[in-house]
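For reference, the structure discussed in these notes is given below.
Model, not experiment: these values are computed from the prediction.
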Amino acid sequence: MGNKRLVFVLNATQEYIRHTGENAEKYASVSNYLFDAISETYLPLLKMLENLEKDNVSFKLSLVLTPVLCTLLEDKEIQSQYLAWLDKKVEFGQKEIQRTSGNPALQAICKNTFEKYQKDKELFESYNCRLVRKFYEFKKKGLVEFLATCGTDIFMPFYHDMEEVMSAQVESGILSFRNFFGDLPDGFWLPELGYYEGVEKIIKSYGINYTILDSRSFLFSKIEPKNGLFTPARFTNALVCYGRDYDSDTEIFGQNGYCRDYAYKNLARDVGFTLAPEALEPYIAKGTSRYSMGYSYWNKSPINEDEAGNANDSSNLYDAETAKKRLCEHAKLFLDSKVEKLNKAASLIPEEDVTVLVTIDANRLRENWNEGILWLEQVLRMAAAEEIETASPRSIVDNPFKLQRIVPYYGSCSSSGYAEELLSSKNNWMMRYARKASERMVDLAERFPAETGLKARLLNLGVKELMFAESSGWAKMMESEVFPEYAEMRFKQSINDFTAVFDALGSNTVSTEWLTKLESEHQIFPWMNYRIFCKKH
């Protein structure tokens with residue numbers, strides 16, 4: 001009987017949303033998304049890792065922290081803004097405690113939230129505000145494995161005929177990985193798990209040893225995987241590929257998924273949406289978009305429309321102990337379902353080691369399940385208690401040439417499996433601009449192969465603006481109608497800025513003031529060299 005292993009891969013993405021000065025206040029609702037992620041995902045995740053290590057729990061976890069996310073987390077301006085954001089949460093909480101003084105049950109929940117934000121600030125400062133470095137410490141201890149990914153969240157199949165673009169995105173991702181983590185990665189995460197035939201050649205050419213595919217890409221291979229998703233396979237060039245577990249998303253996020261249980265906190269019912277505008281000033285300026293203040297007092301039980309806007313409603317109040325009990329039950333259910341799969345697979349292929357690989361979208365987890373990280377901690381604790389091995393993908397394969405060779409099918413991890421939502425009626429107009437700019441960047445890299453000084457700075461800026469525009473995040477925001485006006489504005493700004501670079505190089509004139517201003521605003525990829533877009537002959 002072979003070994004039975006569980007693999008957990010947590011993927012965290014973030015668009016480059018960074019504003020200073022007056023724009024910081026103007027786009028506070030959009031920046032709130034990143035700051036909320038720090039408080040609800042990255043700090044709890046680090047705390048989880050610390051707790052598991054302190055309690056000597058045997059575990060392994062794999063993480064994808066994108067270059068854009070790492071850049072923002074390490075940015076001193078963002079760190080300063082986050083601390084100021086926490087101060088506002090604490091200040092607002094003091095007012096909420098007074099407002100709810102006539103309702104002890106409501107006030108108790110308010111005080112818990114208030115204390116959480118105080119602890120968030122203490123924890124953040126105890127890490128010297130450098131979360132990426134703290135994650136890196138767990139990597140050095142061998143508890144966490146990091147996968148590299150593209151420079152921005154590009155959906156690679158849309159550019160399958162542009163090898164230079166794909167190489168540039170992969171190379172920039174690997175260079176970012178080395179910049180933040182000090183070495184080269186073994187694994188590579190395809191954004192949205194978007195696979196097309198041929199991308200494995202580009203990835204392998206940069207020394208990558210494995211990647212992960214959606215179950216549909218894996219199972220619909222031209223050569224049928226003889227062991228299904230339970231053992232890794234390889235491409236013709238020996239790049240190892242894993243197929244992710246196909247039903248974990250449904251169990252967590254589906255129509256009857258764990259996150260929808262009535263016991264959990266209803267994040268959509270936040271006082272930022274229910275209080276009168278006057279009560280939210282100066283935290284949310286009157287006339288601007290409302291956003292979550294982080295003070296949610298109710299569970300997910302069904303409510304009447306009249307109750308939804310009542311900030312003093314005492315029915316369906318959130319109970320942390322009830323939620324904790326439910327997440328422990330859900331952790332047991334989830335783990336039992338994976339163990340059952342492993343046991344069935346082991347009985348069918350007893351001569352092989354069997355693996356179930358679970359991928360979890362950190363953003364989706366935060367948006368739908370306030371207790372999601374606590375649930376993951378319970379899953380890892382229960383797995384260790386029941387002596388179920390959790391492993392990193394790197395540790396599973398010692399000789400890729402022993403694996404079955406497959407030819408995977410095009411696909412992604414989107415709900416449809418083929419990313420139609422990235423080319424819907426709401427956002428399909430974006431693609432022609434992004435592809436045209438990509439063609440122009442390849443042309444610029446060929447026309448100016450050895451520039452230095454001002455022209456090199458201009459070309460490097462053009463690369464950054466192009467990579468921003470190539471990110472699928474803007475299309476996702478427009479499709480889901482989450483700050484769609486902002487997403488449209490940022491995409492158009494990047495295209496316009498790239499076009500300005502293209503025109504400036506064509507006319508041999510450039511405004512150094514304009515160039516310096518944009519370089520200051522976009523402090524990402526400081527090592528960028530536009531030659532990564534040169535054709536690979």
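How far CD1 of Ile495 is from CZ of Phe468: 12.5 Å, rounded to the nearest 0.5 Å. In this structure, CG in Asn428 is found 9.5 Å from CE in Met478, a value given to the nearest 0.5 Å. Taking CG of Asn368 as the reference point, atom CZ of Phe253 lies at 6.0 Å (rounded to 0.5 Å). Between the CD atom in Glu50 and the OG atom in Ser126 there is a gap of 7.0 Å [rounded to 0.5 Å]. For the atom pair Phe498 CZ and Asn496 CG, the distance stands at 12.0 Å (nearest 0.5 Å).
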- Task: For the pair Phe155 and Ser412, evaluate side-chain contact (heavy atoms from CB on, under 4.5 Å) and give the outcome as yes or no after the intermediate values.
- Result: CA-CA 9 Å; Phe155 187 67; Ser412 76; 3.6 Å; yes
- Check step by step if side-chain contact (heavy atoms from CB on, under 4.5 Å) holds for Met293 and Tyr283. CA-CA 9 Å; Met293 290 301 298; Tyr283 312 103; 3.8 Å; yes
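Nearest approach of Ala475 to Asn427, heavy atoms of both residues: O-ND2, 3.0 Å. Here the closest non-hydrogen pair linking Leu193 and Asp214 is CD1-N, 3.9 Å. Nearest heavy-atom pair across Gln81 and Ala24 is NE2-CB, 4.2 Å. Counting all heavy atoms, side chain and backbone alike, Ala28 lies closest to Tyr291 at CB-OH, 4.0 Å. Here the closest heavy-atom approach between residue Pro67 and residue Phe180 is recorded as O-CE1, 4.0 Å. Closest non-hydrogen pair, Ile17 versus Ser31, comes out as CG2-OG, 4.3 Å.
More than 12 heavy-atom neighbours from other residues, nucleotides or ligands sit within 6.0 angstrom of CD on Gln493. For Arg178, the CZ atom counts as loosely surrounded, since its 6.0 Å shell holds 12 or fewer non-hydrogen atoms of other residues, nucleotides or ligands. No more than 12 heavy atoms of other residues, nucleotides or ligands sit less than 6.0 Å from atom CD of Glu321. More than 12 heavy-atom neighbours from other residues, nucleotides or ligands sit within 6.0 angstrom of OH on Tyr486. Annotation: Lys116, atom NZ; neighbour count of heavy atoms from other residues, nucleotides and ligands within 6.0 Å is above 12. Shown here is Lys139, whose NZ atom has more than 12 heavy atoms of other residues, nucleotides or ligands within 6.0 Å. Under a cut-off of 6.0 angstrom, the local environment of NZ in Lys141 is crowded, with over 12 non-hydrogen atoms contributed by other residues, nucleotides or ligands.
Tyr297 and Glu96 form a side-chain donor-acceptor contact under 3.5 Å, judged by distance and modelled atom types alone. Checking Glu15 against Ser471 by side-chain atom types alone, a donor-acceptor pair falls below 3.5 Å. Looking at Ser215 and Asp245, their side chains never bring a donor and an acceptor atom within 3.5 Å of each other. Side-chain contact of Asn312 with Arg99: a donor-acceptor pair under 3.5 Å is present, judged by distance alone. In this structure, a donor-acceptor pair under 3.5 Å is absent between the side chains of Lys89 and Thr113. Between the side chains of Arg18 and Tyr27, no donor N or O sits under 3.5 Å from an acceptor N or O. Judged purely by distance below 3.5 Å, without hydrogens or angles, the side chains of Gln378 and His330 never pair a donor atom with an acceptor atom.
A ring-centre distance under 6.0 Å is found for Trp429 and Phe491. In summary, the aromatic rings of Phe124 and Tyr82 are positioned with their centroids under 6.0 Å apart.
In this structure the side chain of Trp527 reaches within 4.5 angstrom of the side chain of Leu175, judged on heavy atoms. Between Val30 and Asn32 the shortest side-chain heavy-atom distance does not fall below 4.5 Å. Side chains of Glu192 and Asp153 form a contact here, defined as non-hydrogen atoms less than 4.5 Å apart.
Classification of the Phe334-Phe8 ring pair by plane angle, with boundaries at 30° and 60°, yields tilted. Between Tyr117 and Tyr295, the ring-plane angle classifies as tilted under the 30° and 60° cut-offs.
Ion pair Glu481/Lys426 flagged as a salt bridge, since at least one NZ, NE, NH1 or NH2 atom sits closer than 4.0 Å to an Asp/Glu carboxylate oxygen.
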